[in-house]
**Student:** 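Got a structure for you, questions after.
What's counted below: heavy atoms across the whole structure, side chains too, no hydrogens, waters or symmetry copies. In this text the structure is predicted, and so the values were computed from the model without any measurement.
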Amino acid sequence: MTTATDHLSRTFSALADPTRRAILARLSAGEATVSELAGPLPMSLPAVSRHLKVLEQAGLITRGRTRQWRPCRLEGKPLEDVADWVAAYRRFWEGGFDRLDEHLRELRKGAEGA
């Protein structure tokens with residue numbers, strides 16, 4: 001397994017949890033503290049901190065330090081890596097749509113000719 005694959009595995013593992021995806025969605029609007037992130041979530045602050053640790057280990061977020069304030073911020077590179085990985089399969093699903101389109105054209109020709 002390559003390092004890139006290991007990184008993708010950590011990213012996909014982190015993204016597999018709906019709470020972590022909700023945290024990332026919130027951070028896409030800008031920096032937030034742990035308390036701000038925990039506010040709408042139905043769990044304790046320590047549980048939110050554990051989710052943040054997973055996101056941080058996957059490189060999806062970073063945590064800064066400004067005096068007492070420890071803002072979390074979204075990091076785009078791991079998400080870009082996921083998008084690149086998925087894009088490699090785009091030809092596959094677009095090819096399926098192209099084949100379906102061709103099949104429907106053939107069906108229409110047959111129906112018009114009948």
Side-chain angles (χ1 to χ4, degrees):
M1 197 178 326
T2 67
T3 303
T5 305
D6 292 343
H7 186 67
L8 270 177
S9 294
R10 281 193 307 276
T11 302
F12 278 121
S13 179
L15 293 172
D17 186 277
T19 298
R20 292 193 284 269
R21 291 192 306 271
I23 291 169
L24 292 177
R26 166 53 188 89
L27 290 175
S28 70
E31 293 181 349
T33 64
V34 176
S35 297
E36 291 168 337
L37 293 169
L41 299 173
M43 62 185 60
S44 68
L45 211 51
V48 171
S49 290
R50 286 191 294 275
H51 283 290
L52 292 174
K53 184 175 181 179
V54 171
L55 291 169
E56 194 171 21
Q57 288 172 340
L60 289 161
I61 67 166
T62 56
R63 293 197 239 190
R65 181 170 280 255
T66 307
R67 291 189 219 107
Q68 298 294 74
W69 195 55
R70 292 208 49 184
C72 297
R73 70 183 57 86
L74 184 62
E75 293 296 327
K77 180 66 173 124
L79 295 174
E80 182 182 355
D81 293 342
V82 168
D84 291 345
W85 184 84
V86 169
Y89 294 92
R90 180 178 213 99
R91 202 171 43 237
F92 169 74
W93 76 72
E94 286 178 347
F97 289 132
D98 291 343
R99 287 188 300 278
L100 177 59
D101 217 19
E102 181 60 33
H103 179 68
L104 292 173
R105 276 194 290 277
E106 293 298 320
L107 289 176
R108 282 189 204 114
K109 283 181 189 176
E112 291 170 1

**Student:** Applying salt bridge (Lys or Arg N to Asp or Glu O under 4.0 Å), name anything that partners Arg21, two or more places apart in sequence or on another chain.
**Tutor:**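 Scan of Arg21 (salt bridge (Lys or Arg N to Asp or Glu O under 4.0 Å), adjacent residues dropped) gives none.
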**Student:** What is the minimum heavy-atom distance between Ala32 and Arg26, and which atoms define it?
**Tutor:**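 Of all heavy-atom pairs spanning Ala32 and Arg26, the closest is CB-NH2, 3.3 Å.
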**Student:** Enter the distance from His7:NE2 to Lys77:NZ here, rounded to the nearest 0.5 Å.
**Tutor:**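 These two atoms lie 7.5 Å from each other.
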**Student:** Does Val34 share a hydrophobic cluster with Leu24, counting links as ILVMFWY side-chain heavy atoms below 4.5 Å and allowing steps through other members?
**Tutor:**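 Shared cluster, yes.
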**Student:** Give a yes or no on whether Arg90 atom CZ has more than 12 heavy-atom contacts from other residues, nucleotides or ligands under 6.0 Å away.
**Tutor:**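 Atom CZ in Arg90 is not packed in, count stays at 12 or less.
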**Student:** Can you tell me how far the OG1 atom of Thr11 sits from the CD atom of Glu80, to the nearest 0.5 Å?
**Tutor:**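 The OG1 atom of Thr11 sits 12.0 Å away from the CD atom of Glu80.
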**Student:** With rounding to the nearest 0.5 Å, note down the distance linking CZ in Arg70 to CG in Leu52.
**Tutor:**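 Spacing of CZ (Arg70) from CG (Leu52) equals 10.0 Å.
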**Student:** Lys53: what forms a side chain to side chain donor-acceptor pair (under 3.5 Å) with it, not counting sequence neighbours?
**Tutor:**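 For Lys53 there are no side chain to side chain donor-acceptor pair (under 3.5 Å) partners, ignoring immediate neighbours.
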**Student:** Okay, side chain of Ser13, backbone of Ser9: is any donor-acceptor separation there less than 3.5 Å?
**Tutor:**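 No: the side chain of Ser13 does not pair with the backbone of Ser9.
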**Student:** Supply the atom-to-atom distance Leu37 CG to His51 NE2, rounded to the nearest 0.5 angstrom.
**Tutor:**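 The CG atom of Leu37 sits 12.0 Å away from the NE2 atom of His51.
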**Student:** How long is the straight-line distance from CD of Glu102 back to CG of Leu107, given to the nearest 0.5 Å?
**Tutor:**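 One gets 10.0 Å once the value is rounded to the nearest 0.5 Å.
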**Student:** For Ser35 and Leu45, work out which heavy atoms get closest and say how close.
**Tutor:**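 Of all heavy-atom pairs spanning Ser35 and Leu45, the closest is CA-CD1, 4.2 Å.
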**Student:** Salt bridge between Arg10 and Asp6, side-chain N to carboxylate O under 4.0 Å?
**Tutor:**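 Judged by the 4.0 Å cut-off on N to carboxylate O distance, Arg10 and Asp6 do not form a salt bridge.
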**Student:** Look up atom OG in Ser49 and atom CD in Glu56, then write down how far apart they are to the nearest 0.5 Å.
**Tutor:**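 The distance works out to 10.5 Å.
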**Student:** What residues form a salt bridge (Lys or Arg N to Asp or Glu O under 4.0 Å) with Glu31, not counting sequence neighbours?
**Tutor:**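 Listed in chain order: Arg73.
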**Student:** Sort out for me which residue in Val54, Val48, Leu41 forms a side-chain contact (heavy atoms from CB on, under 4.5 Å) with Thr19.
**Tutor:**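 Testing each of Val54, Val48, Leu41 against Thr19, the sole residue satisfying side-chain contact (heavy atoms from CB on, under 4.5 Å) is Leu41.
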**Student:** What are the two closest non-hydrogen atoms of Pro78 and Ala58, and how far apart are they?
**Tutor:**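 Heavy-atom minimum between the residues: CG-O, 3.8 Å.
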**Student:** Quick check: closest heavy atoms across Leu27 and Cys72, and the distance to 0.1 Å?
**Tutor:**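 Scanning both residues completely, I find the closest heavy atoms to be CD2-O, 3.4 Å.
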**Student:** Is there a side-chain contact between Ile23 and Leu60 (heavy atoms, below 4.5 Å)?
**Tutor:**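 They are not in side-chain contact.
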